[in-house]
Amino acid sequence: MSQVRVRIAPSPTGEPHVGTAYIALFNYAFAHREGGKFIFRSEDTDRERSTTANEDAILRSLKWLGLQWDEGPDVGGPHAPYRQSERAAIYKTHADALIESGKAYYCFCSAERLAQIRDEQAKNKQAIMYDGFCRGIDPAEARRRVQAGEPRVIRLAVDRSGETCFEDKLRGRIAIRNEGVDDQVLLKSDGFPTYHLASVVDDRLMGVTHVIRAEEWISSTPKHVLLYNAFGWTPPMFVHMPLLRNQDKSKISKRRNPTSLDFYRNEGYLPEAMLNFLALMGYSMPDGREVFPLSEFIAGFSLDRVSTSGPVFDLQKLEWINGEYIRRLDTDELATRICNGFTKRIGVPDEAFKKAVALIRERIRKLSEFDDMTAFMFGGVEDYDPALLIQKKTTKDDTIAMLKDSAELIAGAADFTPAATEAAFRGMAERAGAKPGNLFMVLRIAVTGRKVSTPLFETMELIGQEECGRRISVALGKLAGA
RNA sequence: GCCCCUAUCGUCUAGCCCGGUCCAGGACACCGGAUUCUCAUUCCGGUAACAUGGGUUCAAAUCCCAUUAGGGGUGCCA
């Protein structure tokens, strides 16, 4: 069998979409598992909406994820160009060939007329399709009108008898009666091809063996098969992946879910976690493992294990996986990643910063949480309600006494390592007949300004002996004024 | 309306192809508990599903049919 060649063929008409990453991942895994090639092709035939900025963003996002392609608009390849807008002549030639062979015809119908017949068909509860009005025009006549410069498109002449079927690798044989297949527009009036023509021609010319794409394409696949037939080509294998869903099960959309890959990158999801999560959408490991790197996903990948029902994109599970990956990173690596866009405090991690990272590594699930969670370590303490200092079953005076003792202890401490401070404060609590936990909470509030923080004594060491003393004084001041 | 796809815990899924080992397993989330200076991590435990109805069979989550539900398509968008 010939070498496997697959492609991701996004349309640069919007932000880099999570669905694109999802399909790219499965194409990538399949290509790598089979020792084949993974191609990136830009489907920018919608001249109204396509932009190079979008294309750049998609390329950048997939690279961020680590899904590098073997051939593409930026790296070239044996079938360049990989941007459809640069291949317009190829599609025109192919469309013309179909006209010549009678497999396609010119259509001069106006948009208004098309809208009108659609309305009529809807009203009569009929299938909505082109009525074939221009199909009967004499070819010579049609050629004259074309030469006269009349606006027109080229449509596929579908033989309405019989049925068209194809093999979907995941779903088996899918058949549809030809009377339900429309005379699809192949070449638009602006001279550019529609998706249907362009993708069929390119998949063929680029030697694509497996078309792994989203489920939404199933209903137009018969048109593609008919096109392959019209050209006298053998269709590739089709693999229709399930569609990612919103919580309400509808196709994943911007309105109900963050869909931009930029969003996930900016929130501090790790690319490797993102891939792992996406892999879980529709795929399962034979041994049930849920956390696995891309290399392991590829190593055991098989289309047989892809499920067909549409998975709900569950942010909660993504966060969990992200947390798993964050905790698997060593501190230096985590620090480097945080410094790469997730903190305003420092450019390159120093020792103190790494200590802070070590303290939050088990507490964050997204890199973006870092700055807030460590605010009291690097900035000052935010304003807090002095009432927080007073613990249950204790009085304001108790608290003041505790803080004064604490200030003294801190000022006189010869050893400010966590073990030493903890021992000292435990001793202090014991002598005062107070619960250590209560004392610690008072200190926590005074030192961090929060009820929830990183471990107290490690945090104090990080903040520094002097600054801790200062913060205790501030707490005392607050109580005095309360 | 018409065409097509799908259907196991709230969510992701295993099992289904090759019926019995499944009064259905794992994970996330949730609820308890243990550890603990808070939070988190970690560790234990728990709640929770084969859409419905018919077949076939000694036996069905697994095979067949119907129904229902959800989704997608129905564009000179992709």
Fill in: Test salt bridge (Lys or Arg N to Asp or Glu O under 4.0 Å) applied to A/R471 - qualifying residues, sequence neighbours left out
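Partners of A/R471 under the salt bridge (Lys or Arg N to Asp or Glu O under 4.0 Å) test: A/E467.
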For the pair made of [atom1] in [X] and [atom2] in [N], what is the distance, rounded to whole Å?
X	N	atom1	atom2	answer
A/E458	B/U38	CD	P	13 Å
A/N246	B/G10	CG	P	19 Å
A/R118	B/C77	CZ	C1'	12 Å
A/L244	B/C12	CG	C1'	11 Å
A/R7	B/A78	CZ	C1'	11 Å
A/Q247	B/C12	CD	P	10 Å
A/E430	B/C37	CD	P	14 Å
A/W320	B/A29	CH2	P	8 Å

Determine the interatomic distance between [atom1] on [N] and the same-named atom on [M]; round to the nearest Å.
N	M	atom1	result
B/U8	B/U62	P	12 Å
B/C63	B/C17	P	5 Å
B/A49	B/G10	C1'	10 Å
B/C9	B/G46	C1'	14 Å
B/U68	B/U52	C1'	7 Å
B/U41	B/U36	C1'	11 Å

Go ahead and name the base partner of [N]; Watson-Crick or wobble counts if both distances stay under 3.5 Å, otherwise write none.
N	answer
B/U56	none
B/A61	none
B/A14	none
B/U21	none
B/C9	none
B/A51	B/U67
B/C39	none

Close N or O pairs between protein and nucleotides 65-73 of chain B (under 3.5 Å):
residue, atom, partner, partner atom, Å
B/G71, O4', A/R245, NH1, 3.3
B/G71, O2', A/R245, NH1, 3.4
B/G71, O2', A/R245, NH2, 3.4
B/G72, OP1, A/K251, N, 3.0
B/G73, OP1, A/K251, NZ, 2.8
B/G73, O4', A/S219, OG, 3.2
B/G73, O2', A/S219, OG, 3.1

Worksheet item: Do the rings of A/W217 and A/Y195 sit parallel, tilted or perpendicular, given the 30° and 60° boundaries?
Response: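 A/W217 and A/Y195: parallel rings.
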Discussion item. Measuring from the side chain of A/S307 (C-beta onward, heavy atoms only), which nucleotide among B/U41, B/C28, B/A14 has the closest atom?
Written reply: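 Closest of the options to the side chain of A/S307: B/A14.
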Worksheet item: Of all the nucleotides listed (B/C76, B/A78, B/U42), which has the minimum atom distance to the side chain of A/V153?
Response: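 That would be B/C76.
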Without placing hydrogens or testing angles, list every side-chain donor-acceptor pair under 3.5 Å for residues 367-375 of chain A, not counting sequence neighbours.
residue, atom, partner, partner atom, Å
A/S368, OG, A/E267, O, 2.7
A/E369, OE1, A/R365, N, 2.6
A/E369, OE1, A/K366, N, 3.0
A/D371, OD1, A/T343, OG1, 2.7
A/D371, OD1, A/R345, NH1, 3.2
A/D371, OD2, A/K344, N, 3.2
A/T374, OG1, A/R345, NH1, 2.8
A/T374, OG1, A/F370, O, 2.8

Item to complete: Would you kindly check if the NZ (Lys) or CZ (Arg) of A/R450 is within the cone defined by 45 degrees around the ring axis of A/F376 and under 6.0 Å from the six-membered ring centre?
Response: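 A/R450 over A/F376 ring: no.
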Practice prompt. Give a yes/no verdict on a cation-pi contact between A/R145 and A/Y106, requiring under 6.0 Å between NZ or CZ and the six-membered ring centre and an angle within 45° of the axis.
Written response: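 No - A/R145 does not lie over the ring of A/Y106 by the 6.0 Å and 45° rule.
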Would you please confirm or rule out a distance under 4.0 Å between OP1 or OP2 of [N] and any side-chain N or O of [X]?
X	N	answer
A/R426	B/C37	yes
A/K451	B/C37	no
A/R305	B/G15	yes

Worksheet item: Which of residues 279-290 of chain A have a heavy atom under 4.0 Å from RNA chain B?
Response: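 A/L280, A/M281, A/G282, A/S284, A/E290 - these, ordered by number, are the residues of the stretch whose heavy atoms sit under 4.0 Å from the strand.
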Worksheet item: B/C5 base to A/R171 side chain: any donor-acceptor pair below 3.5 Å?
Response: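 Such a pair does not exist between side chain and base.
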Discussion item. Protein within reach of the bases, or only the backbone? For nucleotides 44-50 of chain B, mark each nucleotide 5' to 3' as B, S or -, using heavy atoms under 4.0 Å.
Written reply: -------
Worksheet entry | Test side chain to side chain contact (heavy atoms under 4.5 Å, CB included) applied to A/Q116 - qualifying residues, sequence neighbours left out |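 Counting only residues at least two positions away or on another chain, A/Q116 forms no side chain to side chain contact (heavy atoms under 4.5 Å, CB included).
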Worksheet item: CZ of A/R7 to CD1 of A/I23: how many Å apart, nearest 0.5 Å?
Response: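 Taking CZ in A/R7 and CD1 in A/I23, the distance rounds to 10.0 Å.
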Worksheet item: How far does OH of A/Y264 sit from OG1 of A/T259, to the nearest 0.5 angstrom?
Response: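 The OH atom of A/Y264 sits 7.0 Å away from the OG1 atom of A/T259.
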Worksheet item: Can you list every pair that meets ring-ring contact (aromatic ring centres under 6.0 Å, His included) and has a residue in residues 429-458 of chain A, with sequence neighbours left out?
Response: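 Every pair satisfying ring-ring contact (aromatic ring centres under 6.0 Å, His included) with a residue in residues 429-458 of chain A: A/F440-A/F457.
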Worksheet item: Which side chain to side chain donor-acceptor pair (under 3.5 Å) pairs, counting each pair once, include a residue from residues 421-430 of chain A, with sequence neighbours left out?
Response: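 Pairs touching residues 421-430 of chain A that pass the test: A/E422-A/R426.
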Grab the N/O contacts between the protein and nucleotides 51-53 of chain B below 3.5 Å, and write none if there aren't any.
none

Worksheet item: Looking at residues at least two apart in the chain, or sitting in another chain, which of them share a side chain to side chain donor-acceptor pair (under 3.5 Å) with A/T221?
Response: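 For A/T221, the residues satisfying side chain to side chain donor-acceptor pair (under 3.5 Å) (neighbours in sequence not counted) are A/R213, A/H240.
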Worksheet item: Excluding sequence neighbours, so at least two apart, what forms side chain to side chain donor-acceptor pair (under 3.5 Å) with A/Q184?
Response: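 A/Q184 satisfies side chain to side chain donor-acceptor pair (under 3.5 Å) with A/K223 only.
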Discussion item. Using heavy-atom distances to pick each residue's nearest nucleotide on RNA chain B, tell me which of A/C109 and A/I218 is more 5'.
Written reply: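 The residue closer to the strand's 5' end, by nearest nucleotide, is A/I218.
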Discussion item. Return whichever of A/T454 or A/A9 has its heavy-atom-nearest nucleotide of RNA chain B closer to the 5' end.
Written reply: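 The residue whose closest nucleotide sits nearer the 5' end is A/T454.
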Worksheet item: Would A/D415 and A/T417 satisfy side chain to side chain donor-acceptor pair (under 3.5 Å), going step by step from the backbone distance to the final call?
Response: CA-CA 6 Å; A/D415 182 352; A/T417 58; 2.9 Å; yes
Fill in: salt bridge (Lys or Arg N to Asp or Glu O under 4.0 Å): pairs with one or both residues in residues 114-135 of chain A, sequence neighbours excluded
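Only A/R113-A/D131, A/R135-A/D183 qualify under salt bridge (Lys or Arg N to Asp or Glu O under 4.0 Å).
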